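Labels below follow one simple rule: chain letters A, B, ... track the order of the sequence lines, proteins then strands, and each chain is numbered from 1. Remember, it's a predicted structure, so these values are computed and weren't measured experimentally.
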2 protein chains.
Amino acid sequence: MSPYAHPRLTPRRRAVLDVLRASPDHPTASEVYDRVRETAPGIGAATVYRTLGMLVSTGQALELNLGDGVSARYDANVTRHDHLVCERCGRAVDVDLGVPAALVDAVTRTTSFTITGYDLQVRGLCPHCQASPGTGHPDPGHLEKEH
Amino acid sequence: MSPYAHPRLTPRRRAVLDVLRASPDHPTASEVYDRVRETAPGIGAATVYRTLGMLVSTGQALELNLGDGVSARYDANVTRHDHLVCERCGRAVDVDLGVPAALVDAVTRTTSFTITGYDLQVRGLCPHCQASPGTGHPDPGHLEKEH
DNA sequence: TACCAGTTGAGAACGACTCTCATTATCTAC
DNA sequence: GTAGATAATGAGAGTCGTTCTCAACTGGTA
């Protein structure tokens, strides 16, 4: 009935999880796809998307919406943490600001929502983008893959 | 050169802005489109998308990524505030938790990013969704337009 | 009035993601 | 081992949100 009721850790899925755990840079699904194809060349895009969804729904990965546009990003670091996102190049760094529990508790009392979690996204300019002249447009130029 | 260097507040754009200011529910672009067509029937989707982009880049609206999937949401409330999002129905409520400035300042010192802002997204279940049995799937059923 | 930058709508194009379905792999008895 | 059931897979089509292109139009301005 519900998907992933008995998920198997098949070689394909293992490969996706391995890529994610080796990627501290919050890759998009298509970046994961590209990287997985180096170790599992025949894997299809649908399998990568399905596996990422499975990993998220089983708590082995986080799906992030970092406001840098269209595509979701994935994070194998499932401990609670926040994100610092560069507004120009989109680079995201893990941080943990330790938001006081009292702040979150206050929301529970004033809204009658049941709170399940939170994510603090801090926006800014990374050192690279501070240094280079601003174009007003996204510029991930300094993020070339370092081989 | 840069777009919106001399943006005019044309009747079309005025209509989009009016709709947004009359919508406290963080509509998606296509929801804005539907609502605008009631007052400006001939308006095209491209104009709505362009206008929303213009409003965001001129600081008259905020674009939100509330993690409820694919589409961006827009908010005419441009004062600093946070969002409380229902994980099941996607409803988003404005809140302001007043994150201590000291927390954000700490990031500046430890990361060498220049901080320009932040958004705290609190996740939970709204009262409606707590009451109805969970399906594990998004269920905006109780969000029918109230005429 | 004529000019011209800015604006518009239609539709094509695009990218991210999901679905479908026939095939293949894996698990669980025997 | 084998057989049968169930789950996983890849290719490709489909969907959806958004952006692009371009010819026509509009509204200030000289």
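A salt bridge is defined here as a Lys NZ or Arg NE, NH1 or NH2 lying under 4.0 Å from an Asp or Glu carboxylate O, and B/Arg35 with B/Asp25 meets this definition. B/Asp75 has no carboxylate O lying under 4.0 Å from a charged side-chain N of B/Arg21, or vice versa, which leaves the two without a salt bridge.
Evaluation of the side chain to side chain donor-acceptor pair (under 3.5 Å) test over residues 101-114 of chain A, restricted to residues two or more places apart or in two chains, returns A/Thr114-B/Gln130.
B/Arg14 places its CZ atom 15 Å from the P atom of C/dT7, with the value rounded to the nearest Å. In this structure, OH of B/Tyr74 is placed 12 Å from P of D/dG17, rounded to the nearest angstrom. Protein atom CD1 of A/Ile43 is 10 Å distant from nucleotide atom P of D/dA11, rounded to whole Å. The distance between atom OH of B/Tyr33 and atom C1' of D/dT19, rounded to the nearest whole Å, is 15 Å. For the pair B/Arg13 CZ and C/dG6 C1', the interatomic distance rounds to 8 Å; values are reported in whole Å. Straight-line distance from the CD atom of B/Glu31 to the P atom of D/dT18: 10 Å, rounded to whole Å. In this structure, the CG atom of B/Leu55 is 12 Å from the P atom of C/dT7, given to the nearest Å. With rounding to whole Å, A/Glu63 atom CD is found 14 Å from C/dA16 atom P.
When the nearest nucleotides of DNA chain C are assigned to B/Leu9 and B/Val70 by heavy-atom distance, the more 5′-ward of the two goes with B/Leu9. Take the nearest nucleotide of DNA chain D for B/Pro11 and for B/Arg73: the residue whose nucleotide is more 5' is B/Arg73.
Cation-pi geometry between B/Arg80 and B/Tyr118 is satisfied (NZ or CZ under 6.0 Å from the ring centre, within 45° of the ring normal).
The side chain of B/Arg8 places no N or O atom within less than 4.0 Å of a non-bridging phosphate oxygen (OP1 or OP2) of C/dA5. Phosphate contact (OP1/OP2 of D/dT26, side-chain N/O of B/Arg12, threshold under 4.0 Å): absent. One finds no side-chain N or O of A/Tyr49 lying less than 4.0 angstrom from the OP1 or OP2 phosphate oxygen of C/dT18. Considering only side-chain N and O atoms, B/Ser30 lies nowhere under 4.0 angstrom from the phosphate OP1 or OP2 of D/dG17. Taking 4.0 angstrom as the limit, B/Thr47 places none of its side-chain polar atoms (N or O) nearer than this to OP1 or OP2 of C/dT7. In terms of phosphate contacts, A/Thr10 brings no side-chain nitrogen or oxygen within less than 4.0 Å of OP1 or OP2 of D/dA7.
Remark: the B/Arg50 side chain and the C/dG9 base include a donor-acceptor N/O pair separated by less than 3.5 Å.
Judged purely by atom type and a 3.5 angstrom limit, A/Asp82 uses its side chain to pair as donor or acceptor with the backbone of A/Leu97.
Contacts of A/Ala45 with the nucleic acid, taken as non-hydrogen atoms under 4.0 Å apart, are absent.
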